[in-house]
Amino acid sequence: MRLSRYFIPVTKDVSSDEKMIASHKLMMQTGMMRQNAAGIYSWLPLGFKVLKKIEQIVREEMDRAGAIEMLMPTLQSADLWRESGRYDAYGPEMLRITDRHDRGLLYGPTNEEMITDIFRTYVKSYKQLPLNLYHQQWKFRDEVRPRFGVMRGREFYMKDAYSFDLDEASARVSYQKMFAAYLNTFNRLGVTAIPMQADPGPIGGDLSHEFLVLADSGESEVYCDKAVLDVPPPGEGFDFEDHDALIEEMEKRTKFYAATDEKHDEAAYAAIPADRQVKARGIEVGHIFYFGTKYSDPMKAEVQTKEGELTAIHGGSYGIGVSRLVGAIIEASHDENGIIWPDEVAPFGAGIISMKPDAEDCAAVADDVYAKLTAAGKDPLYDETSDRAGPKFGRMELIGLPWQVTVGPRGVKNGVVELKRRATGEKEDVSVEAAIARITES
RNA sequence: CGGAGUGUGGCGCAGCCUGGUAGCGCAUCUGGUUUGGGACCAGAGGGUCGUAGGUUCGAAUCCUAUCACUCCGACCA
């Protein structure tokens with residue numbers, strides 16, 4: 001993309017509010033999004049690209065774990081929620097709407113009822129289980145006090161998956177699959193997300209975990225054993241049908257202490273060797289639950305067993321805050337100069353700065369780099385504007401693409417361009433071919 | 001929902017106390033000089049001062065109402 005043809009309203013000045021958290025400020029400065037109302041944002045082209053990249057990674061990892069994608073609407077019928085009893089229970093956070101026929105609707109804060117309704121309509125036999133359906137869709141929760149930009153918006157984009165199993169043992173496996181899939185997902189997104197035992201809700205048991213990304217601005221206080229940070233993710237080759245491996249993936253993390261302030265156990269924490277005690281702040285980016293027959297009972301989501309009996313299915317739900325992750329990733333990965341995008345979610349694979357677009361030789365080399373990186377699928381952002389050096393470097397640094405290629409008269413004379421890695425700040429002069437190769441390998 | 005505060009060109013702000021017909025910086029446009037780390041000179045465009053009432057000869061400024069947004073606390077992907 002040529003910067004001069006793109007829509008990316010970068011601004012130096014942003015509100016003087018000192019307390020605004022880094023990610024929100026950076027998203028405003030780089031023109032990733034614009035607030036339209038309290039907790040409601042437009043995603044401008046740069047922000048939208050990142051959102052879509054995260055969505056795609058989440059999709060690939062869900063698919064890999066055997067979940068099946070679909071799409072449910074944002075508006076739901078109030079009647080459906082009366083069936084589960086949550087229409088009254090949910091409270092003022094649910095945005096309720098009335099249509100022209102005076103029928104009750106609501107802007108969905110989540111989709112358990114709707115997916116359960118779909119499930120019960122079509123699935124009648126144990127032979128069709130287990131089943132895991134998911135979608136990525138906008139949600140609305142009428143937060144009392146939205147804040148932190150997209151991290152606590154009222155309208156937000158979420159991946160929510162729902163599993164259906166014949167019994168608890170099978171549901172446990174479905175849960176473990178999601179647990180493993182989440183570890184791979186967050187790893188690919190370039191963040192370290194720690195699973196923590198969460199409040200299991202009315203069902204009880206040990207099957208509810210929150211996944212938190214460590215960041216100073218996080219809303220939750222986090223206590224954990226440093227060792228949990230070093231456990232590697234299951235990895236791409238992981239076999240989701242290997243039940244022993246699934247159990248092991250959970251156990252090798254949950255054996256270490258990790259809890260948010262709500263569940264914190266001072267004694268257990270004190271038992272951790274002092275040099276491994278980590279007290280930090282975290283942002284919740286995922287939450288998984290097993291809830292048994294909480295919805296299938298009142299909504300009669302039943303299947304026939306091998307014996308011909310009707311039995312309520314055992315359900316679980318699994319959320320990832322996709323739009324929140326945009327902010328969370330920035331919180332976890334930025335410096336005083338701007339964002340440092342992890343490779344997989346970067347809006348563009350590389351930035352090209354043409355120092356002298358008016359000089360034919362320089363422009364030719366820059367054009368060449370642009371053409372080659374584009375051909376290599378790296379989707380580069382090409383700054384061929386006539387701005388001065390300062391603003392160009394500053395802007396590219398702020399946007400924080402993984403690689404920067406600077407093409408100027410100095411280097412062109414010697415047959416080299418400057419290649420810079422945003423994360424480390426390392427710079428080196430290399431040939432065009434070498435620069436392309438380095439970027440393409442990453 | 002309790003407490004505090006703010007609405008003035010695209011953005012950031014001053015002006016309000018003490019009414020007199022709107023200003024500064026950034027950004028934008030034009031011309032020129034510049035050009036490897038956020039340049040300079042000259043000129044230009046752009047605002048019914050959140051909205052609605054009221055007081056007044058006259059309201060951004062005073063009064064009333066209303067809407068929106070922000071921040072601090074209790075709750076949440």
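By convention in this document, chain letters (A, B, ...) are assigned in the order of the sequence lines, proteins followed by strands, and residues within each chain are numbered from 1. If you're wondering where the values come from, they're calculated on a predicted model, not measured in any experiment.
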Discussion item. Could you go through A:Asp265 and A:Tyr223, starting from their C-alpha distance and side-chain angles, then the distance that decides it, and tell me whether this counts as side chain to side chain donor-acceptor pair (under 3.5 Å)?
Written reply: CA-CA 9 Å; A:Asp265 177 350; A:Tyr223 301 83; over 6 Å; no
Item to complete: Determine, step by step, whether A:Asp63 and A:Tyr134 satisfy the side chain to side chain donor-acceptor pair (under 3.5 Å) criterion, reporting the C-alpha distance in whole Å, the side-chain angles of both residues, the deciding distance to 0.1 Å, and the verdict.
Response: CA-CA 9 Å; A:Asp63 291 350; A:Tyr134 78 98; 2.7 Å; yes
Discussion item. Show, in sequence, the C-alpha distance, side-chain angles and deciding distance for A:Phe164 and A:Tyr162, and conclude whether the ring-ring contact (aromatic ring centres under 6.0 Å, His included) test is met.
Written reply: CA-CA 7 Å; A:Phe164 302 90; A:Tyr162 303 91; 7.4 Å; no
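Nucleotide B:U51 forms a Watson-Crick or G-U wobble pair with B:A65, both donor-acceptor distances falling under 3.5 Å. For B:A39, the paired base is B:U33 (Watson-Crick or G-U wobble, both distances below 3.5 Å). Summarising the base pairing, B:C24 is matched to B:G12 through a Watson-Crick or G-U wobble pair whose two defining distances lie under 3.5 Å. Base pairing of B:C17: no nucleotide in any strand meets the Watson-Crick or G-U wobble criterion (both distances under 3.5 Å).
Within residues 391-398 of chain A, the residues having any heavy atom closer than 4.0 Å to RNA chain B are, in order of number, A:Pro391, A:Phe393, A:Gly394, A:Arg395. For the segment residues 318-327 of chain A, residues with any heavy atom less than 4.0 angstrom from an atom of RNA chain B are, sorted by number, A:Ile320, A:Gly321, A:Arg324.
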Which donor-acceptor pairs under 3.5 Å do side chains of residues 353-364 of chain A form with protein atoms, sequence neighbours excluded?
none

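Distance from the side chain of A:Gln35 is smallest to B:C69 among B:C69, B:A74, B:U34. Proximity note for A:Arg34 (side chain, C-beta onward) versus B:C11, B:U35, B:C71: the nearest is B:C11. Residue A:His287 has its side chain nearest to B:A77 when only B:G37, B:G73, B:A77 are considered. With distances taken from any side-chain atom of A:Phe156 to the nucleotides B:A77, B:C75, B:U34, the minimum falls on B:A77. Across B:A77, B:G36, B:U35, the shortest atom-to-atom separation from the side chain of A:Met158 is found for B:A77. In the set B:U35, B:G73, B:A77, the nucleotide with an atom closest to the side chain of A:Arg388 is B:U35. Checking B:C72, B:A39, B:G36 against the side-chain heavy atoms of A:Arg410 singles out B:G36 as nearest. Taking the side chain of A:Lys427 as heavy atoms from C-beta on, and the options B:G36, B:C69, B:G37, the nearest nucleotide is B:G37.
Looking at heavy-atom distances under 4.0 Å, A:Gly91 makes no contact with the nucleic acid at all. Across all strands shown, A:Gly411 has heavy atoms under 4.0 Å from base atoms, whether or not it also approaches the sugar-phosphate.
Stacking of A:Arg422 on the aromatic ring of A:Trp403 is not recorded, the 6.0 Å distance cut-off and the 45° axial limit not both being met. The cationic atom of A:Arg96 (NZ for Lys, CZ for Arg) does not lie both less than 6.0 Å from the six-membered ring centre of A:Tyr90 and within 45° of the ring axis.
For the C1' atoms, the distance from B:U21 to B:C57 is 13 Å, rounded to whole Å.
Distances shown here put every side-chain N or O of A:Arg147 at or beyond 4.0 Å from the OP1 or OP2 atom of B:U70.
A centroid separation of 6.0 Å or more is found between the aromatic rings of A:Tyr295 and A:Phe119.
In terms of position on RNA chain B, the residue among A:Gly390 and A:Gly153 whose nearest nucleotide sits closer to the 5' end is A:Gly390. Along RNA chain B, the nucleotide nearest A:Glu284 and the nucleotide nearest A:Val407 are compared for position; the residue whose nucleotide lies closer to the 5' end is A:Val407.
Within the 3.5 Å criterion, the main-chain N or O of A:Ala301 finds no donor-acceptor partner in the side chain of A:Arg120.
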